[in-house]
A.B. asks: 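Below you will find the structure I want to go over with you.
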2 protein chains.
Amino acid sequence: MYEIFQKYLDEKAELTQAESERIQSFAISKKLRKRQYLLQEGDIWKYDAFITQGCVRTYTVDEKGSEHVNSFSIENWWTGDRESLMLQQPSRFNIDAIEDTELILFTHENFELLCREIPAFNNMVNAILQRSFIAAQNRIQASLTLTAEEKYLNFINKYPGFASRIPQTMIASYLGMTPETLSRIRKQTAKK
Amino acid sequence: MYEIFQKYLDEKAELTQAESERIQSFAISKKLRKRQYLLQEGDIWKYDAFITQGCVRTYTVDEKGSEHVNSFSIENWWTGDRESLMLQQPSRFNIDAIEDTELILFTHENFELLCREIPAFNNMVNAILQRSFIAAQNRIQASLTLTAEEKYLNFINKYPGFASRIPQTMIASYLGMTPETLSRIRKQTAKK
DNA sequence: GTAAAAACTTGATATAGATCAAGAGTTTGA
DNA sequence: TCAAACTCTTGATCTATATCAAGTTTTTAC
């Protein structure tokens, strides 16, 4: 399980043997069964979390009890609530497992220590953050400019493979539409 | 004009005199008249840009010719297209001045050099990126969960002062609604 | 293996917000 | 300083998507 993270590190950063071992020394393994929570609304998030296997979703629940999916994260991605982590305030989000999931956690103190100690690690982390920001910008742009159908086509184009492992209800929520609308769109586009 | 940026730096990072001077040595001043472009779609963005005075908007134009405002940036904020900068690809965005505007530019090579040379500067830049990412997440969340009226109230609450200096048409576009809808919302909420 | 729960589909109807249109204010620049 | 060009408002109508409802299929858990 740790090998998956090690492989990711080797691809993304040039690390010495000693640095790799230093990183591994702080890694905490965690397993989640399907539907199990990684974070619940109101808790303060304290980790940097990397997924080695499986899939989680980050979502909020509004006053009416409806869920709004903010993001999906699968193996080789990071997850967590950066706002709660950075400001040390109770999270507005829930994160739970869509499939049985395996993660590597670092407490944020340890993670920051690694960033300070290992420049290559720090650079990697910054590059990831840049890409996350760009992805968020693109999502905003899509939500402003695309129709429901275009949003769906854009999604399956950008994240092929997701559609088959994530329930449609959740994808609909992520795209900002109802499950019924997504169902109808899928029927239409299948025809073409 | 540079003093505004210097003050910003002093607040956000602990810099030695020498470091401050090093940063200043790379700064390029730029003025934009209202409606003048900082970046046009198709160009590759090559700077890190800080606004010392004024206001710019970042937007796309779709096939029908409609503009979609992605963001506003005012004095003491940064602007630019991070995707174009990072991937060195033609930008999908336009950036132009809503008011006469003054900026400090750094070519990205110089900016990266400063990040490498000055750890405190690098940390500041990362902190800004983190905050930008959190803001983007919050905007996505708002677009998924709020009604048109709630989006507007959320906007004026979060950015008081913006409403008075930015034309309503542009605010409507930023919020993902038509100017007519925003006009009606303003009329309604004024009553209450 | 099977009953209960969850996920998906389909149809009928409702609605928030878009579009179209036209008039009133406001800003801009020669 | 005044005409042209924006910007905002208001009304009438339209439409994409939501909501409600009921049936079917798939998954889950004992």
Side-chain angles (χ1 to χ4, degrees), chain A residues 32-36 54-55 57 59 61-69 72 96-101 142-156 162-191, chain B residues 32-36 54-55 57 59 61-69 72 96-101 142-156 162-191:
Chain A
L32 294 176
R33 306 303 295 286
K34 187 170 175 173
R35 300 218 167 78
Q36 198 181 334
C55 181
R57 76 206 240 255
Y59 64 99
V61 181
D62 67 22
E63 337 71 67
K64 287 174 212 134
S66 318
E67 297 176 355
H68 301 273
V69 175
F72 302 112
D96 67 10
I98 294 179
E99 307 166 358
D100 290 353
T101 296
S143 87
L144 288 176
T145 59
L146 304 183
T147 63
E149 179 175 354
E150 287 166 341
K151 282 177 198 169
Y152 175 66
L153 294 175
N154 182 51
F155 174 78
I156 55 173
F162 273 43
S164 59
R165 51 199 285 203
I166 299 171
Q168 274 183 48
T169 320
M170 294 182 191
I171 294 175
S173 171
Y174 174 86
L175 295 174
M177 64 188 74
T178 60
E180 292 95 330
T181 294
L182 181 54
S183 176
R184 285 184 250 264
I185 284 169
R186 280 166 55 86
K187 194 183 174 192
Q188 274 169 36
T189 58
K191 268 192 246 159
Chain B
L32 294 176
R33 306 304 296 285
K34 187 172 175 172
R35 301 217 166 78
Q36 198 179 335
C55 181
R57 77 207 238 252
Y59 64 100
V61 181
D62 67 23
E63 337 70 67
K64 288 175 210 133
S66 317
E67 295 176 357
H68 301 273
V69 175
F72 302 111
D96 69 9
I98 295 177
E99 305 167 358
D100 291 352
T101 296
S143 86
L144 289 175
T145 58
L146 304 183
T147 62
E149 179 174 355
E150 287 167 341
K151 282 177 198 169
Y152 175 65
L153 295 175
N154 182 51
F155 174 78
I156 54 173
F162 273 43
S164 59
R165 51 199 285 204
I166 299 172
Q168 273 182 49
T169 320
M170 293 183 192
I171 294 175
S173 171
Y174 174 85
L175 295 174
M177 65 187 73
T178 60
E180 292 94 331
T181 294
L182 181 53
S183 175
R184 285 184 249 263
I185 284 170
R186 280 165 55 85
K187 194 184 175 189
Q188 274 169 35
T189 58
K191 266 191 248 161

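Keep in mind it's a predicted model, so treat the numbers as computed, not measured. Below, read A as the first sequence line, B as the second, and so on, with proteins coming before strands; counting in each chain starts at 1. All values below come from the heavy atoms of this structure, side chains included, with hydrogens, waters and symmetry mates left out.
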A.B. asks: Expressed as a whole number of angstroms, how long is the span from E180(A):CD to dT13(C):P?
C.D. replies: 16 Å
A.B. asks: Counting distance only, does the side-chain N/O of T101(B) pair as donor-acceptor with the main-chain N or O of C55(B) below 3.5 Å?
C.D. replies: yes
A.B. asks: Whether the side chain of R184(A) and the base of dT19(D) hold a donor-acceptor pair under 3.5 Å is what I'd like checked.
C.D. replies: yes
A.B. asks: With a 4.0 Å cut-off on heavy atoms, is T169(B) in touch with a base, just the backbone sugar-phosphate, or nothing at all?
C.D. replies: sugar-phosphate
A.B. asks: For L175(A) and dT17(D), what is the distance between atoms CG and P respectively, to the nearest whole Å?
C.D. replies: 12 Å
A.B. asks: Measure up the F72(A) and F162(A) rings against each other and bin them: parallel (under 30°), tilted (30 to 60°), perpendicular (over 60°).
C.D. replies: perpendicular
A.B. asks: Contact class for K34(B) vs. all strands (heavy atom < 4.0 Å): base, sugar-phosphate, or nothing?
C.D. replies: sugar-phosphate
A.B. asks: dT7(D) C1' sits how many Å from R186(B) CZ, rounded?
C.D. replies: 12 Å
A.B. asks: Measure NZ/K151(B) against P/dA18(C) and give the value in whole Å, please.
C.D. replies: 9 Å
A.B. asks: For a quick test of reading the model: is some side-chain N or O of K187(B) closer than 4.0 Å to OP1 or OP2 of dT10(D)?
C.D. replies: yes
A.B. asks: Can you tell me how far P of dT27(C) sits from CG of D100(B), to the nearest Å?
C.D. replies: 16 Å
A.B. asks: Give the rounded distance in Å between these two atoms: CG of L144(B) and P of dT17(D).
C.D. replies: 15 Å
A.B. asks: Would you say a side-chain N or O of Q168(A) is under 4.0 Å from OP1 or OP2 of dA6(C)?
C.D. replies: no
A.B. asks: Could you tell me if the side chain of P167(A) sits less than 4.5 Å from the side chain of I98(A), heavy atoms only?
C.D. replies: yes
A.B. asks: Give the rounded distance in Å between these two atoms: OH of Y152(A) and C1' of dA16(D).
C.D. replies: 19 Å
A.B. asks: Kindly determine whether D96(A) and R35(A) satisfy salt bridge (Lys or Arg N to Asp or Glu O under 4.0 Å), including the steps that lead there.
C.D. replies: CA-CA 6 Å; D96(A) 67 10; R35(A) 300 218 167 78; over 6 Å; no
A.B. asks: Are S183(A) and dT9(C) close enough that a side-chain N or O sits under 4.0 Å from OP1 or OP2?
C.D. replies: yes
A.B. asks: Taking CD1 from I185(A) and C1' from dA16(D), how many angstroms apart are they, rounded to a whole number?
C.D. replies: 10 Å
A.B. asks: Does any part of the side chain of E99(B), heavy atoms only, come nearer than 4.5 Å to the side chain of L32(B), both counted from C-beta?
C.D. replies: no
A.B. asks: Start at the 5' end of DNA chain D and walk down; is the nucleotide closest to T181(A) or to T181(B) reached first?
C.D. replies: T181(B)
A.B. asks: Of the listed nucleotides (dT7(D), dA29(D), dA18(C)), which one gets closest to any side-chain atom of P167(B)?
C.D. replies: dT7(D)
A.B. asks: Closest approach to the side chain of A148(B), judged atom by atom: which nucleotide of dG17(C), dT28(D), dA18(D) is it?
C.D. replies: dG17(C)
